[in-house]
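One structure is given here, and the rest of the page talks about it.
Side-chain atoms are counted along with the backbone in the values below, which use heavy atoms only and exclude waters and symmetry mates.
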Amino acid sequence: MASLANVHLGTPFLPSPASLRGRSAACGVGGVAPRRAPRIQAKIREIFMPALSSTMTEGKIVSWAKAEGDKLAKGESVVVVESDKADMDVETFYDGYLAAIMVEEGAVAAVGSAIALLAETEDEIPLAKSQAASSSATMASDGPAASRPVADTAAPPSPLETAPEALSSSPPSSNFSPVAASSAHPASEGGQRTIATPYAKKLAKDLKVELGSVAGSGPMGRIVAKDVEVAAAATAAAPVSTAPPKSVSNSSAVKAPASPAIQLGTVVPFTTMQGAVSKNMVESLSVPTFRVGYTITTNALDDLYKKIKSKGVTMTALLAKATAMALMKHPIVNSSCRDGKSFTYNSSINIAVAVAIDGGLITPVLQDADKVDIYSLSRKWKELVDKARAKQLQSHEYNTGTFTLSNLGMFGVDRFDAILPPGTGAIMAVGASQSTVVATKDGRIGVKSQMQVNVTADHRVIYGADLAAFLQTLAKIIEDPKELTL
Amino acid sequence: MQASLSLSLSLPPAAPRSDPAPTVFRPSALRFCGLRREALGLRPLRPAGSTWVFPSPARTPSRKTVAAVSGNGSPSKGFDYDLVIIGAGVGGHGAALHAVEKGLKTAIIEGDIVGGTCVNRGCVPSKALLAVSGRMRELQNEHHLKALGLQVSSPGYDRQGVADHANNLASKIRNNLTNSLKALGVDILTGVGTIAGTQKVKYGKVGFPDTEITAKDIIIATGSVPFVPNGIEVDGKTVFTSDHALKLEWVPEWIAIVGSGYIGLEFSDVYSALGSEVTFVEALDQLMPGFDPEIGKLAQRVLINPRKIDYHTGVFAKKITPAKDGKPVLIELIDAKTKEPKDTLEVDAALIATGRAPFTKGLGLENINIVTQRGFVPVNERMQVIDASGNLIPHLYCIGDANGKMMLAHAASAQGISVVEQIGGRDNVLNHLSIPAACFTHPEISMVGMTEPQAREKAQQEGFEVSVAKTSFKANTKALAENEGEGLAKLIYRPDTGEILGVHILGMHAADLIHEASNAIALGTRVQDIKFAVHAHPTLSEVLDELFKSAKVFECISGVHSMRNCA
């Protein structure tokens with residue numbers, strides 16, 4: 001998404017006090033005077049959310065009295081705003097055309113933030129529209145109107161340029177308030193209709209999830225509330241215990257964002273991503289989880305890795321493949337319980353792997369990891385990581401995981417414990433492989449590479465014996481990894 | 001839930017207003033004599049001393065006595081009955097009860113089941129469902145419970161149990177109704193009634209009305225059935241009307257409700273409490289078009305926005321296809337104005353709540369030159385039926401949904417009582433503006449009289465001023481004790497005379513609170529008088545107390561209007 005700051009700084013207008021007039025009486029209102037607009041586009045004015053009372057901090061757009069393209073006369077009522085006290089008509093101070101509505105009906109905007117653009121002449125409407133589009137692209141929005149410009153125009157800034165923010169939505173940081181357009185129709189993407197239930201739509205708006213990119217799991221593929229929650233969760237984070245500072249897989253990872261300007265003692269509101277992570281973490285408390293650990297010898301795996309590394313195979317892909325193959329034999333560990341009354345044996349084995357990206361976490365998914373061969377899987381993984389860095393992952397590429405892997409072993413962590421992402425059955429925390437003095441079978445002392453894995457699972461459906469059996473199988477596969485390359 | 005089309009809410013022309021107190025006390029001696037004269041004249045054989053000769057003022061005791069002593073009256077000379085009522089719904093029942101009290105020999109013809117729509121397929125079973133939904137809502141509202149210090153773990157419901165409760169309630173009320181008619185000696189004639197001619201009714205099986213009876217007066221009270229617009233295919237399973245919905249055979253995950261009037265709104269309350277997601281389809285530009293706009297706006301904020309409900313306004317459901325072959329219910333929406341296709345919804349079920357259509361076919365109205373208007377039987381303000389040439393048809397009345405004046409069960413009953421009064425020789429015009437209406441959502445909505453726009457329009461035409469007073473439930477002790485501070489009461493009145501034009505309430509128990517206002521309108525009580533009435537503290541009724549006290553009535557002293565608070 002385009003960076004909001006750019007757009008905004010490029011705008012020559014400064015908010016001038018927008019006054020308003022109540023239905024019954026009093027003072028005039030307005031659009032915005034471009035008094036300090038010496039540079040460009042002096043004839044496109046912003047209409048700001050007015051302060052209707054001394055206590056008002058944000059206002060909700062009840063209805064737009066005019067549509068985009070309508071001619072406005074000075075003093076005409078343009079929009080009805082609901083404040084904490086009453087609904088008021090807001091009038092314009094200028095003649096012109098309502099070029100672009102930036103805050104849809106039903107949405108909320110902070111006092112002083114732009115809610116629409118007013119063009120002086122008809123010719124300037126397109127210009128104003130593009131201006132609005134580029135700014136709305138920065139706003140999290142599920143409305144088709146806003147999603148279009150995102151796709152068409154806004155080139156995603158490189159991760160290094162932007163402040164760490166959520167992958168899918170960057171909360172506005174300047175005087176735009178967070179606004180999600182209310183979509184009257186189901187979002188559509190590529191002409192394909194998207195069906196979402198009322199609650200799914202409300203949630204999508206609240207969680208700032210783009211409905212068009214959510215995979216529906218409801219009847220006839222409709223998007224239900226759970227799908228939106230899963231999408232938001234996946235966007236937000238693979239809830240590993242702590243955010244690893246670097247990517248799991250790639251040593252050429254982006255530099256962790258330096259944090260030069262942390263002001264100690266300040267209170268920082270959550271970004272959208274942090275908010276979503278927080279929500280997920282709290283939600284995870286409603287699932288009764290337990291943990292089972294296992295130590296696996298990795299000498300054979302390490303040997304295999306050395307052999308096929310040159311062919312582009314990564315350790316992450318190997319681990320994912322081994323896990324998927326073990327899951328094939330233990331479908332219960334690949335199941336999930338969503339409603340507390342039933343559980344689903346998932347039809348595919350999709351391994352989600354936690355990756356750190358600047359300022360957050362994402363879990364790209366290796367779909368059908370049991371079926372895809374190790375080379376293709378490795379290529380797929382690389383592609384996903386690249387996409388994740390560029391913040392171009394499609395939602396099905398990060399929210400369809402059925403089992404999650406989190407690997408902090410590469411940072412020397414020898415053991416840890418992961419939090420189960422809501423909506424899945426189990427997550428495996430992989431520690432570092434270390435040379436360990438062991439007693440060998442023939443009673444001697446030997447040295448072997450061993451790693452500790454620790455699986456967290458939903459005990460409503462997955463029991464201790466299930467995990468034990470699964471881990472045994474996994475250990476067998478890893479200790480004799482021939483099958484991985486088949 | 002008996003109520004219907006928002007259209008039906010558009011109150012009848014101002015005629016009744018000229019007569020604000022409906023039970024007008026004409027010189028009472030005269031009235032009394034009139035009755036007695038007529039009664040005695042017509043029933044010479046009746047032994048003096050029958051209770052109907054000296055009606056006691058209170059209805060219930062009188063009814064009892066009548067039942068005990070003589071039961072149903074004896075018919076007028078030359079007639080089988082004094083009064084025959086076609087239809088045993090709430091309207092017919094109310095009329096029959098009052099007729100017996102007035103000593104009329106009464107029969108009621110029921111072609112379906114006693115109780116009609118209200119008891120069997122309307123207000124009564126829906127109240128059972130709403131009682132459940134209200135409790136579910138409370139139990140699910142963790143935040144609310146926590147604030148009260150309550151802990152409830154995972155509330156749930158048994159669909160069949162809920163459905164049984166509704167069904168049991170309906171049969172209980174139906175039995176009560178039947179018993180009360182029987183106890184009074186009202187003859188319940190089973191079959192479909194048809195008007196055979198002046199003062200003649202036939203009844204029997206459909207198409208074979210083989211029994212003919214004569215009656216001095218006839219009341220048509222055949223009620224209404226759910227209205228289903230063209231293009232909508234009702235299969236009773238996935239596309240259905242309130243008739244089916246009240247059986248609660250299943251709770252769809254996602255249901256579209258076509259129509260956002262009382263019926264739709266109440267069902268949205270039920271379904272959303274039971275876990276469904278709801279999509280409203282409303283032809284007009286805003287939801288709840290029949291309500292006072294301010295109440296509607298608040299209702300949307302309280303009853304729609306925070307729930308799992310979305311809506312499409314300004315659209316018609318042009319075509320609705322039931323679910324089959326694994327496909328969902330398809331609803332084709334077109335723009336209400338341009339008729340352009342707008343959208344297609346795919347849902348699990350659709351409830352058609354687009355209002356109710358009068359049930360007047362097969363009544364034999366053509367036998368006596370009556371032409372119905374969209375099915376409604378044309379009547380004057382005294383419920384006397386008007387024929388095709390505009391003349392009143394003597395001895396024939398129509399009450400309730402069948403005349404379409406105000407499609408509410410209690411309105412039908414009130415109209416029936418008014419008719420019986422007229423039959424008894426006391427002129428009576430029912431003031432429809434004094435009839436309250438209620439929507440039993442959580443919280444409830446109730447209203448009586450005019451909405452603010454209606455009042456302002458009338459004021460403009462007639463040149464008077466309109467004032468509005470409002471109070472909030474937030475300031476009410478009892479409401480706060482219940483932690484239900486959400487709500488508004490609104491009074492529309494004339495500041496010059498203190499006349500109450502309308503009262504609208506959204507809030508806890510609004511349906512029970514409205515009667516103070518409706519009684520005031522019915523009795524012509526003015527704001528400056530009712531404000532001195534005392535309300536128990538702390539009760540929700542103080543919301544109205546405060547409302548009346550906050551009204552400001554001009555005091556007219558020697559032609560000078562001065563605004564002052566009369567408190």
Side-chain angles (χ1 to χ4, degrees), chain A residues 23-24 60-65 67 80-88 104-108 142-144 182-188 192-206 211 216-229 282 286 338-341 460, chain B residues 142 153-154 156 238 252-257 268 271-272 275-282 285-287 293-294 296-298 300-301 304-315 323-333 335 341-349 452 468 470 472 488:
Chain A
R23 277 199 186 116
S24 50
K60 185 171 160 193
I61 308 291
V62 176
S63 60
W64 282 98
V80 181
V81 170
E82 175 191 307
S83 75
D84 48 349
K85 300 239 161 61
D87 292 356
M88 301 276 217
E104 299 285 328
E105 285 182 10
V108 174
D142 59 357
S182 68
S183 59
H185 315 291
S188 74
Q192 205 191 342
R193 277 164 44 73
T194 304
I195 308 284
T197 70
Y199 188 43
K201 281 190 226 165
K202 277 187 186 179
L203 266 184
K205 197 171 143 183
D206 290 349
L211 273 178
S217 72
M220 274 73 69
R222 82 167 61 126
I223 299 169
V224 296
K226 203 74 202 172
D227 300 330
V228 176
E229 283 169 356
V282 173
S286 66
R338 281 158 192 256
D339 56 4
K341 291 176 209 141
R460 289 175 301 180
Chain B
E142 276 173 48
S153 59
S154 57
T238 56
E253 279 177 31
W254 184 5
I255 183 166
I257 299 182
S268 79
Y271 279 118
S272 58
S276 302
E277 296 182 36
V278 175
T279 296
F280 271 118
V281 175
E282 171 59 53
D285 285 338
Q286 58 176 29
L287 292 176
E294 203 166 351
K297 207 180 279 177
L298 182 61
Q300 174 149 353
R301 228 176 283 172
I304 308 280
N305 294 350
R307 299 184 180 173
K308 295 173 183 178
I309 302 177
D310 69 350
Y311 50 86
H312 299 259
T313 53
V315 289
K324 54 190 157 209
D325 310 328
K327 279 191 199 150
V329 175
L330 289 175
I331 304 179
E332 288 176 27
L333 299 180
D335 190 288
K342 266 237 133 130
D343 205 344
T344 302
L345 304 181
E346 293 177 18
V347 293
D348 298 322
E452 189 177 339
V468 172
K470 283 178 234 171
S472 160
L488 171 80

When rounded to the nearest 0.5 Å, the distance separating CG of Leu345(B) from CD1 of Ile195(A) is 7.5 Å
Indicate yes or no: at least one non-hydrogen side-chain atom of Pro198(A) is less than 4.5 angstrom from one of Ile309(B).
-> no
Is it true that a side-chain atom of Lys308(B) and a backbone atom of Lys202(A) form a donor plus acceptor pair closer than 3.5 Å?
-> no
Looking at Val347(B), Asn305(B), Leu333(B), which one has more heavy-atom pairs under 4.5 Å with chain A than the rest?
-> Asn305(B)
For Asp348(B) and Arg222(A), which heavy atoms make the closest approach, and how far apart are they?
-> OD1-NH2, 2.8 Å
Assess whether atom CD of Glu253(B) is packed by more than 12 heavy atoms of other residues, nucleotides or ligands within 6.0 Å.
-> no
